[in-house]
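Each residue takes its place number in the sequence, starting with 1.
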Amino acid sequence: MTPFGDAVRALRAQRGVTQKQMAEAIGVSPAYLSALEHGRRGKPSFDFLQRVAGYFHIIWDDAEAFFEIADQSDPRVVIDTIGLPSAHTAFANHLSRSIGRLDEDAVAELEAVLQKRLKR
């Protein structure tokens, strides 16, 4: 799953719209929409995001937040550690190998630590 997939699924549930109905209305296949919702497709295009925002009548400020969620939802993440200390590279690789074994609480804890450190 991705944050974008969760957001689209929530919008559809709020409006009582099926994947098939939404896919037909925005001009994509239900299989593509399902793959996006389940995190099996990469980050959607800006054109697709605009069609979704238009379909759900998302106003400008909310659309900007929606686009940011999509930007954070690429399931194929690359962490570039070129030029960083070796500890950074080791950590990135460890995280890459281990992330699938972390539960939601552990991910939330790591996110909190990261946010706290970046505010310094």
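At a threshold of 4.5 Å between non-hydrogen side-chain atoms, the residues Gln50 and Ser45 do not count as touching. With a 4.5 Å cut-off on side-chain heavy atoms, Val52 and Ile26 count as touching.
Considering Asp6, Val17, Ile58 in turn, Ile58 is the only one that fulfils the side-chain contact (heavy atoms from CB on, under 4.5 Å) rule with Leu11.
Between the side chains of Gln115 and Glu111, at least one donor N or O lies within less than 3.5 Å of an accepting N or O.
Legend: side-chain hydrogen bond (donor to acceptor under 3.5 Å, both in side chains) pairs involving residues 76-88, not counting sequence neighbours, sorted by first then second residue: Thr81-Thr89.
Taking all atoms of both residues into account, the shortest heavy-atom contact from Ala92 to Ile79 is CB-CG2, 4.0 Å. Heavy-atom minimum distance, Arg40 versus Ser34: NH2-OG, 3.7 Å. Of all the heavy atoms in Pro30 and Lys20, the pair that sits closest is CG-CA, 4.2 Å.
In this structure, the side chain of His94 does not engage the main chain of Ala90 through any donor-acceptor pair within 3.5 Å.
Residue Arg12 holds its CZ atom at 9.0 Å from OH of Tyr55, rounded to the nearest 0.5 Å. In this structure, CZ on Phe91 lies 11.5 Å from OG on Ser96, to the nearest 0.5 angstrom. Rounded to the nearest 0.5 Å, atoms CD (Glu68) and CG (Leu49) are 12.0 Å apart.
Hydrophobic clustering (ILVMFWY, side-chain heavy atoms < 4.5 Å, transitive): Phe46 and Leu33 are in one cluster.
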What's the verdict on side chain to side chain contact (heavy atoms under 4.5 Å, CB included) for Arg15 and Met22, showing C-alpha distance, side-chain angles and the deciding distance? CA-CA 10 Å; Arg15 309 288 203 303; Met22 180 180 167; over 6 Å; no

Stepwise, does the side chain to side chain contact (heavy atoms under 4.5 Å, CB included) test hold for Thr2 with His38? CA-CA 7 Å; Thr2 65; His38 289 92; over 6 Å; no

Worked check of side chain to side chain contact (heavy atoms under 4.5 Å, CB included) between Asp103 and Val107: CA-CA 6 Å; Asp103 63 22; Val107 172; over 6 Å; no

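A distance below 6.0 Å separates the ring centres of Tyr32 and Phe48.
Relative ring orientation between Phe4 and Phe66 is described as tilted, the plane-to-plane angle lying within the 30° to 60° band.
Atom CD of Glu24 has 12 or fewer heavy atoms from other residues, nucleotides or ligands within 6.0 Å.
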